[in-house]
Amino acid sequence: MFLARLIVKENPETSYPLEDRDYVIGRSEECDIQVPDGFVSRRQARLTFDKGAFILENTGSNPIFVNNRKVDRHVLVDSDQVTMGKTDFIFRREETPSVASETDATAREEAEKAPSVDTEEEKTVLFQAGSPSREGARLVIATPGGESRIYPLKTRKLVIGRAADADLRLEDPSVSRRHCVIEREKGGYVLKSLTYTNPVTIDGQPVNEKPLASGDHFRIGACSATFLSDRPEDYPTREEKVVLNGRGRGLLAAALVALVLLSASGYGLYRWLSAPLKLPEQTPKTSPEASYADRFKTAAEQIEAGDFPSARNTLGVLLQERLTPQELQKVTELLSRIAIHDAQQMAEAGNLREARQHLSAFLAKYGAGEQSKSVQDRLDLYRLQSAQQLERAGDHLGALREFSAIAEDSTVYDQAQQALSRIWLSYQQKQVPTLPIPQLLEQADEHFREKRYTTPVNNNAYVIYQLILATDPQNPVAKERIEQMKEFYREHGERYFQQKHHTAALSYFQRYALIDPDDPENRARMAECKRLLRKEGGSQRSPGPGDDGRSDDRFRDLLEGK
C-alpha cells in the first residue's frame with residue numbers, strides 16, 4: 001500500500017504515489033518524479049523517507065516553497081502545498097487515520113524545531129487550530145478528508161479561495177484561486193460566485209448569487225460549507241401549516257358559519273343605530289412621511305417575494321416624491337437589488353454584454369456610492385468574465401479594455417492586473433523572430449544598454465529576455481537583467497513619489513507591474529499614487545460609474561508600448 005501521494009494541484013488526476021523509499025524530483029528524465037517545468041532545476045529536490053515521515057530537501061539552484069514559505073528542508077505533513085518553479089503539488093497521506101495523525105504530529109514537532117527561511121506571517125489557513133466563535137454569523141467548512149473548522153464572519157466581505165491573498169484559504173485542488181465571496185449587506189449575508197467556470201453549487205446546481213439563511217448548505221469545489229447564525233435577521237422564513245382531520249374540518253366549517261352570521265347581525269345592528277345620526281365618514285389624512293414608509297415597506301416586501309416588476313413600479317412612484325438624502329439612499333439600495341437581479345437574468349441567458357450595459361447605466365444614473373457597491377462588484381465580475389472570453393478568442397484589445405475597467409477595490413482587481421501583464425507580454429512575443437539564443441542575447445543586451453527595457457513594442461529588452469528564459473530557464477544573464485530592470489523602475493518610481501511627482505511615479509510603478517504584477521508593495525504604491533492624483537484632480541483616475549473603458553487608444557498604446 002502506498003504511504004502518500006504528490007498530487008499536481010492544477011491537474012488532480014496526475015499524482016505520484018510514494019512508498020517507504022527515497023525519491024529524486026526534478027526536470028531531468030533521470031529523476032524518479034519528473035517535473036516538466038522550465039523553472040525547475042534538473043535535480044531540484046530529494047524526498048527522503050525516515051521514521052515514518054517524508055523529508056523534502058532542496059538540492060537545486062531554484063527555490064522551493066512549502067505553504068508559500070521558502071524552505072531548504074521541510075518535514076511534510078498532510079495537505080502541505082509544495083511549489084517548485086510554476087508547479088504546485090499537494091502532499092496527501094494515505095495511511096489509516098490513526099497512523100497518519102501520529103506521523104503528522106511527529107512531523108509537525110520536527111518541523112517546528114527547524115528554522116524557517118521566511119518568517120512572514122501567513123494569511124488565514126483554514127485548518128489551523130483555533131477557538132470557534134459561538135455568537136453571530138459563521139461558516140462551518142469541511143474538506144473531502146473530513147477535517148472541519150468554524151470560521152466567524154466578522155468583516156463586510158470575505159473572499160474564499162485557493163489564492164495566497166484570499167481571506168479564507170481552502171488548500172484543495174478543486175477550489176479556484178478566488179472561488180466565491182460572502183458579503184454582509186443590509187438584509188443579511190449574500191453568497192456570490194467569483195468564477196465563471198467553477199461556480200458554487202447547492203444540491204448539485206450552480207448558483208451565481210444567493211442570500212444566506214442560517215442552516216444553508218453549499219459546496220465550494222470538493223469542500224462543503226454550512227452557514228450558521230444566531231442573529232434573528234438570518235433565521236430562515238418558514239410557513240406554518242395546520243393539518244386537520246375530518247372532525248377538525250367539520251368544527252372549523254361550523255365556526256366559520258357562526259362567524260359569518262354574527263358579523264352580518266352586528267353589521268345590521270350598526271346600520272340601524274347609526275342611520276338616524278347620519279354620521280359622516282372620516283377619511284384619515286396620510287402624511288408624506290407615512291406615505292414614504294408605507295410604499296418603501298411595500299417595495300421591500302415585493303422584492304423579498306421575488307416580484308421585481310411590481311417593486312420597480314412602487315419605487316418609481318416613490319421617486320416622484322420629494323425625498324430626503326437618507327430616504328433616497330434607502331430607495332437606491334432597493335433599486336440596486338432589482339438591477340442586480342435583472343443583470344443576473346441577462347447573464348444566465350448568455351447576454352453578458354447586455355448585463356454589463358444594464359449595470360453601467362444604473363451606476364451612471366444613481367452614482368457609485370456605498371448604497372450601489374453591490375452593483376459595482378457585480379459589474380466588475382461580469383467585466384472579468386467578458387475579458388476572459390475575449391482573451392480566449394484572441395481579441396487582445398477588447399480583453400484589455402474590459403480588464404482595465406475593473407475598479408481598484410474590486411475582489412477581482414488582482415486577477416485583472418495579472419491578465420494585463422500576461423496579454424501585454426504574449427502579444428509582443430508573437431512578433432519577435434525566432435533566433436538562436438546568442439543572437440537574442442546580443443539584441444537584448446543592446447536594448448538594455450540603451451534603457452529600452454519595455455519599449456518599443458516587440459523590440460525591447462524585457463520581451464527578448466523572456467523569450468530566452470522560455471528556452472533556457474536558468475540563463476543567468478536574462479534573469480539578472482530582468483531583476484535590474486525591476487530595480488530601475490522601483491528606484492525611479494520611489495524617487496518621484498518622494499518628490500510628490502505622482503504622475504511620473506505612477507508611470508514607473510506601472511512598468512514595474514508589467515514585469516511583476518504580483519508584487520504587493522508595488523500594487524500598494526500604484527494605489528496610493530492614484531488616490532493622491534484623484535485628490536489633486538490629476539489626469540489619472542480609476543474607472544468611474546458606468547465607465548466601460550471605451551477609449552481604445554489608451555489600450556492600443558499599452559500593446560504598442562507608447
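Counting from 1, the numbers follow the sequence of the chain as shown.
- Counting heavy-atom neighbours within 6.0 Å of E442 CD, excluding the residue itself, gives a total of 12 or less.
- Taking every heavy atom of both residues into account, S224 and R219 meet most closely at CB-NH1, 3.7 Å.
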Residues V24, C31; criterion side chain to side chain contact (heavy atoms under 4.5 Å, CB included); working and verdict: CA-CA 5 Å; V24 177; C31 295; 3.9 Å; yes
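- The heavy-atom pair separating P63 from Q44 by the smallest distance is O-NE2, 4.4 Å.
- Judged by distance alone, the side chains of Q389 and Q385 never bring a donor and an acceptor atom under 3.5 Å apart.
- Residues L469 and I482 form a side-chain contact, since some pair of their non-hydrogen atoms from C-beta on lies under 4.5 Å apart.
- Between E30 and R42, no side-chain nitrogen of the basic residue sits less than 4.0 Å from a carboxylate oxygen of the acidic one, so the salt-bridge criterion is not met.
- For the residue pair D445 and Y465, a side-chain donor N or O sits within less than 3.5 Å of a side-chain acceptor on the partner.
- The shortest distance between side-chain heavy atoms of L3 and F54 falls below 4.5 Å.
- Summarising the geometry of D37 relative to K86, their closest heavy-atom pair is OD2-N, 2.7 Å, with the distance given to 0.1 Å.
- Interatomic distance, CD1 of I90 versus CD1 of I7, reported as 7.5 Å (0.5 Å rounding).
- The only option from Y512, F509, Y508, F497 that meets the ring pair (Phe, Tyr, Trp, His ring centres under 6.0 Å) definition with H492 turns out to be Y508.
- Side chains of V71 and F65 form no contact here, defined as non-hydrogen atoms less than 4.5 Å apart.
- The pair D519-K486 does not count as a salt bridge, with every side-chain nitrogen at least 4.0 angstrom from each carboxylate oxygen.
- Contact check on D377 versus K192 returns no salt bridge, with no Lys/Arg side-chain nitrogen under 4.0 Å from an Asp/Glu carboxylate oxygen.
- A salt bridge is absent between E521 and R490: the closest approach of a Lys/Arg side-chain nitrogen to an acidic carboxylate oxygen does not fall below 4.0 angstrom.
- Note: L153 CG to L168 CG = 9.0 Å, rounded to the nearest 0.5 Å.
- The neighbour count for Y496 OH, taken as heavy atoms of other residues, nucleotides or ligands under 6.0 Å away, does not exceed 12.
- Considering K530, R531, R525 as possible partners of E528, the one that fulfils the salt bridge (Lys or Arg N to Asp or Glu O under 4.0 Å) test is R531.
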From CA spacing to verdict: side chain to side chain contact (heavy atoms under 4.5 Å, CB included), D516, N522: CA-CA 9 Å; D516 187 359; N522 189 67; over 6 Å; no
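- Distance alone, capped at 3.5 Å, is enough to place a donor-acceptor pair between the R27 side chain and the V40 backbone.
- Salt bridge annotation for D167-R156: absent, with no cationic side-chain nitrogen under 4.0 angstrom from a carboxylate oxygen.
- Within the 4.5 Å cutoff, no side-chain heavy atoms of I468 are placed close to those of R481.
- A distance of 10.0 Å separates CZ in F49 from CD1 in I55, rounded to the nearest 0.5 Å.
- Between E57 and T48, the closest heavy-atom pair is OE2-OG1, 4.0 Å.
- There is a side-chain donor-acceptor pair under 3.5 Å between T454 and Y489.
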Side chain to side chain contact (heavy atoms under 4.5 Å, CB included) between R495 and H501, worked out: CA-CA 9 Å; R495 180 189 307 166; H501 298 319; over 6 Å; no
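- Taking the centre of each ring, Y453 and H447 stay at or above the 6.0 Å mark.
- L139 CG to C223 SG: the interatomic distance, rounded to the nearest 0.5 Å, is 12.0 Å.
- Put simply, the side chain of Y16 does not reach to within 4.5 Å of the side chain of D32, judged on heavy atoms.
- Put simply, OH on Y151 and CD1 on I141 are 10.0 Å apart, with the number rounded to the nearest 0.5 Å.
- Taking the side chain as every heavy atom from C-beta outward, K210 and F218 never approach each other to under 4.5 Å.
- The line from CZ of F91 to CG of N67 is 12.0 Å long, rounded to the nearest 0.5 Å.
- Here the closest non-hydrogen pair linking S386 and E402 is CB-CG, 4.4 Å.
- With no hydrogens or angles considered, no side-chain donor-acceptor pair links R162 and S176 at under 3.5 Å.
- Within a 6.0 Å sphere centred on CD of E29, other residues, nucleotides and ligands contribute 12 heavy atoms or fewer.
- Between L228 and I150, the closest side-chain pair of non-hydrogen atoms is not below 4.5 Å.
- Panel note: side chain D78, backbone R93; a donor-acceptor pair is recorded below 3.5 Å.
- At least one side-chain heavy atom of L441 sits under 4.5 Å from a side-chain heavy atom of V477.
- When every heavy atom of S193 is checked against every heavy atom of L381, the shortest pair comes out as O-CD2, 3.2 Å.
- Between the side chains of S41 and N62, a donor-acceptor pair is found at a separation under 3.5 Å.
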Candidate pair L191 and D216, rule side chain to side chain contact (heavy atoms under 4.5 Å, CB included), full reasoning: CA-CA 11 Å; L191 170 69; D216 280 349; over 6 Å; no
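- A side-chain donor from one of T83 and D88 sits under 3.5 Å from a side-chain acceptor of the other.
- Panel note: side chain R184, backbone T155; a donor-acceptor pair is recorded below 3.5 Å.
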